[in-house]
Protein chains: 2
Amino acid sequence: MAKNDSVSNSVIKRLPRYYRFLGELKEKGIVRISSKDLSEKMGFTASQIRQDLNCFGGFGQQGYGYNIESLYNEIGNILGVNKTRKAIIIGAGNLGKAVALHMSFEERGFNIIGIFDRNPALTGQMLRGLPIRHTDGLYDFCKDNSPVVAILCIPNYAAENLAPQLVELGIKGFWNFSHYDISTNYPGVAVENVHLSDSLMTLSYHVSNLDD
Amino acid sequence: MAKNDSVSNSVIKRLPRYYRFLGELKEKGIVRISSKDLSEKMGFTASQIRQDLNCFGGFGQQGYGYNIESLYNEIGNILGVNKTRKAIIIGAGNLGKAVALHMSFEERGFNIIGIFDRNPALTGQMLRGLPIRHTDGLYDFCKDNSPVVAILCIPNYAAENLAPQLVELGIKGFWNFSHYDISTNYPGVAVENVHLSDSLMTLSYHVSNLDD
């Protein structure tokens, strides 16, 4: 498949959605779909879909539509969900626990190899089949096991304190639930932020504007 | 304060971030900040910040910068976080529990008045000081208590099944953790989606591209 460094962030953000929709169609046993039908299901225009997929070399045949399984597999390859990168979760509070238990990491290209929390009361408790480790052991664990992705389910200040150590230990990607802004300080790493409270405030704004 | 219906979504998405940053500065006892300093802290350009805040009438005085507390309060008003809307959480599994326990709803303008799950084994368990109710009681509860926001921590199909009932019962805003696309089916309601697995796949893409 063609890779393209100039693919815009908004196209990249839409790829997971294509992947999900195509996965659902595949589950239903549907073999082929026109870009028109795909666009109706997804709420994008057909031309938008063609443009998006053309960024990666295009997959449709004029007049035949898209083969769902092959498009699904290709987008999966582009997203890299078939790879297996070693990942660690830092923070095993309410949020960390939910993230650990709720997400299908393996289907998204990640293998959780360690879970850490600085609360000694949690040390040794099992989560997702793994013992929660104390953050004091983070350095040795990373040296021995070389995880490349860290999932930060910790507060701002803790993320700010840990980030330099994690980058030095070889972490190249962060799934960041904290509000600490990793990307401005470490431009070389991949960061995907989930700012739940920002999302809730955005909802508040939209609900307020309905009130009027 | 001025309201403006033509405010772009990207400006709205940035408002919570301003609110957070200003809140942190306020906590530190800082009284005033120039748009230049604010821009350095936030990673936006100073002119971007002036433009954003001008959408709502502007708050700065040329040469004096921004009064932090007053800007914080104004943005809070715009976001509507000082209001109190009745909200219900649907789904008390790992994710629902984490959302219920982790988020400061009251500080974001929401008051959680009920938590529902269709698993009878959870009925009556306490969460966030509230008893988990069975979803069979959703209709009567909404009739009696008139919540306006629903937080969906349930799978796709469950969200699709419940959405029409919830809209009919007066729900005007959804914080949607499911992948069911509410907004295309109910254009009149406010929807804010949190698609965690899409975010994880986006990270996968970015980490893959670092590998190259």
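In what follows, every chain begins at residue 1, and chains take the letters A, B, ... in the order their sequences are listed.
- Heavy atoms of other residues, nucleotides or ligands lying less than 6.0 angstrom from CZ of B:Arg118 number 12 at most.
- Between A:Leu200 and B:Glu192 the shortest side-chain heavy-atom distance does not fall below 4.5 Å.
- Contact check for A:Glu107 versus B:Ser197: no side-chain heavy atoms found under the 4.5 Å cut-off.
- Contact of B:Val149 with chain A is made through the side chain alone, with heavy-atom distances under 4.5 Å.
- When heavy atoms are compared at a cutoff of 4.5 Å, B:Val81 approaches chain A by way of both its backbone and its side chain.
- Counting only heavy atoms from C-beta outward, the side chains of B:Asn9 and A:His206 approach each other to under 4.5 Å.
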(message) For A:Trp175 and B:Val207: C-alpha separation, side-chain torsions, deciding distance, then whether side-chain contact (heavy atoms from CB on, under 4.5 Å) applies.
(response) CA-CA 11 Å; A:Trp175 202 24; B:Val207 173; over 6 Å; no
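- Between A:Ser208 and B:Gly80, the shortest heavy-atom distance links the atoms OG-CA, 3.4 Å.
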(message) Walk me through whether B:Ser204 and A:Lys83 qualify under side-chain contact (heavy atoms from CB on, under 4.5 Å).
(response) CA-CA 9 Å; B:Ser204 173; A:Lys83 302 191 180 178; over 6 Å; no
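- Here the closest non-hydrogen pair linking B:Ile78 and A:Tyr205 is O-CD1, 3.3 Å.
- Side-chain contact between B:Phe110 and A:Leu203 is present, with heavy atoms from C-beta onward closer than 4.5 Å.
- Contact check for B:Thr202 versus A:Pro16: side-chain heavy atoms found under the 4.5 Å cut-off.
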(request) Would you please test A:Leu15 and B:Met201 for side-chain contact (heavy atoms from CB on, under 4.5 Å) and show each step? (result) CA-CA 9 Å; A:Leu15 286 180; B:Met201 287 193 267; over 6 Å; no
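- Heavy-atom distances place the side chain of B:Tyr19, and not its backbone, under 4.5 Å from chain A.
- Residue B:Ser104 holds its OG atom at 11.0 Å from CG of A:Leu196, rounded to the nearest 0.5 Å.
- In this structure, the portion of B:Phe177 lying under 4.5 Å from any heavy atom of chain A is its side chain and not its backbone.
- Using a 4.0 Å cut-off between charged nitrogen and carboxylate oxygen, A:Asp181 and B:Arg20 do not count as a salt-bridge pair.
- Taking each heavy atom of B:Asn156 and A:Glu24 in turn, the nearest pair found is ND2-OE2, 3.3 Å.
- Using a 4.0 Å cut-off between charged nitrogen and carboxylate oxygen, A:Arg108 and B:Asp198 do not count as a salt-bridge pair.
- The number of heavy-atom neighbours closer than 6.0 Å to CZ of B:Arg128, taken from other residues, nucleotides and ligands shown, is above 12.
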